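I have placed the structure first, in the form of structure tokens, so that the comments after it can refer back to it.
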Protein chains: 2
Amino acid sequence: MNRRPGTAKAVTIYDVARECGVAASTVSRAFSRPGRVNPTTAERIREAAERLGYHTNPLARAVTTGRTSMIGLVIPDITNPVYFPVIRGAEAAATEAGFVLLLVDTQESARNEREGIERALPMVDGLLLAGTRMSDASVRVIAQQTPVVVCNRVVTGVPSVVPDNARGIRRAMEHLGSLGHRAITYVAGPEASWADGMRWRAVREAALELDLRAVLAGPFPPTVSGGSSAVASLRRQQPTAVIAYNDLIAIGLLRGLAAEGVRVPADVSVVGFDNIFGSDFCTPALTTVAAPMRALGSEALTHLAAQIAGATPHVSRPVTLPAKLVVRDSTARPGRRRAKI
Amino acid sequence: MNRRPGTAKAVTIYDVARECGVAASTVSRAFSRPGRVNPTTAERIREAAERLGYHTNPLARAVTTGRTSMIGLVIPDITNPVYFPVIRGAEAAATEAGFVLLLVDTQESARNEREGIERALPMVDGLLLAGTRMSDASVRVIAQQTPVVVCNRVVTGVPSVVPDNARGIRRAMEHLGSLGHRAITYVAGPEASWADGMRWRAVREAALELDLRAVLAGPFPPTVSGGSSAVASLRRQQPTAVIAYNDLIAIGLLRGLAAEGVRVPADVSVVGFDNIFGSDFCTPALTTVAAPMRALGSEALTHLAAQIAGATPHVSRPVTLPAKLVVRDSTARPGRRRAKI
DNA sequence: GCGGGTGCCGCAAGCGGTTGTCACCCCCGA
DNA sequence: TCGGGGGTGACAACCGCTTGCGGCACCCGC
């Protein structure tokens, strides 16, 4: 460690060893493999280490063991509120499991993602891919090089943890159906998104089972402004109820609709997806399908840690966490349409 | 690198060296110190490295050089929307400068913060403290061990980058004053917060200069529910205008006020702080003091990188970035009070 | 033709730990 | 009393890369 002048040189196992008259290897073992060294010696070493302020250097350890105790967290857009709880969940589980998180924000770019992963790869024990934009094949390639868990998407052959969106959508459709809506428009997110395909399919299936009609609008960018811009295209379809790809779009919809004088929920009901920060204090408060994002993060990380520890990854089917419908103020019985939209 | 069975062994400088008949040290130099080796040899090496898929192992490098190319990003609460843009800014600047970010979420706990920093310390080249909860003295202690930049707070003796909150508040006070408000209540955040003290002081000073009256309410937790709970204590003071410690409190205020039938801005104007995600789509849209958080993050990281590269930290006074007032719908002329609050 | 630069590259010693191997000691049982 | 075995701890090699030092060519000028 070439510390800058003025900063003390880090204390090493050799210092500790000298201090209490044992070999460096004994010090090493005292920490990495307790039981392999006499309890009293170990105690002496531990005490000396404490006194000297010794901390084992994770980097040096990593060179020989190949294990860094770091996990790469790959996020498409750290600015997207959906990911906050998953980061938090992952962080908590990581410190719990003795790992530290390396952040890779790819800014929604596949190139950035590739480069970021490449840069992180040599220094992490595993990768947590939260909403990756890569192809299934690419993910599988990565997964062959290092332990990987995918979060919020399923890639066959790679351990995945996802919310039970189908069920959440089913609940939303039931809710809308019971309110008296006959046709539901799904306002789609980005085409490349795995989740989008999944959700649209779930909407169609639920529609079939519940004897409703499913209509597609979009795709739109999964942002507030994307949602606002969707209003125009909705004008043709005159829906009484829409389910948006996510809350960001739903909120954009709310704003765009309000700007055109369309009342929510009186004129049109809107359901969001994700229950993000803010979905409760927009106007009207958004009815939304809530996935347990925080649990998703921690669950994914726990699996990853297990896999790193040597557990064989469990890939037969994805870990599924329950999603629920949060009913708030943006849904109601269909009213007399004022044909304004 | 003890890679798990099934994964290929990483290729090293020795492989590359053998491949093109030079010594390993030459390969090393070809990458770390171009110019120190013959251009044609360097090219040959680079080409062989490419062919073999060689990537220099940052960990091994770190062992000898003591430089890891990692920067620790310490965030009190990753779930707080204020930090998203600073993370984003820091991330962008980090990759720009060839660093990677180690995330330390302290969950608002000083103990977590201490432990997290301790854990991160041996593997980072520097620390970016965004809104730390530690004491000035503790921060200075850390800063003696490793390069540190503090973001969104000033610690004397340690390089800091902060928004020009005083000026933002001044603008807000002017705005409120020109609307006709005579007394402004500051709804305080956590007492331990540096920013809170700073803001309250700025409110008082601006009040003095503008011939307004400044009133203090609080402290309250800097959360939406904290803001809601502040409504009760506001009832006594009957303010016509409040400035909240942050947008979270302001939004809570909005909701609590609405629940009691108090109209914003007709009965009371509210100004927030931070311009977080959601402050534009709450109802009414929040007038708020907007700090350039993203710039804060990137600026702080840039300074940190410079410091790591050997620049002497510039601590005489904090780097100050402009803040501005975003006027939206939550402020208006004081109306006839309905004495409901 | 020879001494002295200079440019390029190899040697080997680390950096701070980990770990396989082996020597040693002590205790126990025969 | 002696042999064997288990428990401890030391030695040294090694992980992949960096770097000080020095050797070797080659070129220049006198």
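Treat the numbers as computed from the prediction; the structure is a model and nothing was measured.
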Within this structure, what is the [atom1]-to-[atom2] distance between [X] and [N], rounded to whole angstrom?
X	N	atom1	atom2	value
B:Glu43	C:dC9	CD	P	13 Å
B:Met123	C:dG17	CE	P	14 Å
B:Ile45	D:dC17	CD1	P	13 Å
B:Asn57	D:dC14	CG	C1'	15 Å
B:Asp15	D:dC15	CG	P	11 Å
A:Leu59	C:dG14	CG	C1'	17 Å
B:Ile13	C:dC9	CD1	P	15 Å

Taking only side-chain N and O atoms of B:Arg33, does any of them lie within less than 4.0 angstrom of OP1 or OP2 on D:dT19? yes
Looking at every strand, decide which applies to [X] at a 4.0 Å heavy-atom threshold: base, sugar-phosphate, or nothing.
X	result
B:Val22	sugar-phosphate
B:Arg36	base
B:Arg29	base
B:Phe31	nothing

Closest to side chain of [X], choosing from [options]:
X	options	answer
A:Asn38	C:dT18, D:dG16, D:dG9	D:dG9
A:Thr41	D:dC17, D:dG9, C:dG17	D:dG9
B:Ser28	C:dG10, D:dT19, D:dG16	D:dT19
A:Ala60	C:dG16, D:dA10, C:dT18	C:dG16
B:Thr65	D:dT19, D:dT8, D:dG16	D:dT19
A:Ser32	C:dG10, C:dT18, D:dC17	C:dT18

Run the numbers on A:Val158 and A:Val315 for side chain to side chain contact (heavy atoms under 4.5 Å, CB included), then give the verdict. CA-CA 6 Å; A:Val158 179; A:Val315 298; 5.6 Å; no
Are B:Arg133 and B:Asp77 within salt-bridge range, i.e. N to O under 4.0 Å? no
Mind running ring pair (Phe, Tyr, Trp, His ring centres under 6.0 Å) on B:Phe31 and B:Tyr54 for me, showing each step along the way? CA-CA 11 Å; B:Phe31 288 105; B:Tyr54 167 78; 5.6 Å; yes
Distance-only donor-acceptor test (3.5 Å): side chain B:Ser25, base D:dC17: no
Establish whether the base of C:dC15 is bridged to the side chain of A:Tyr14 by a donor-acceptor pair shorter than 3.5 Å. no
Are B:Ile71 and B:Leu301 packed together at the side-chain level, in the sense that at least one heavy-atom pair is separated by less than 4.5 angstrom? yes
Side-chain contact, heavy-atom cut-off 4.5 Å: A:Arg51 with A:Glu19? yes
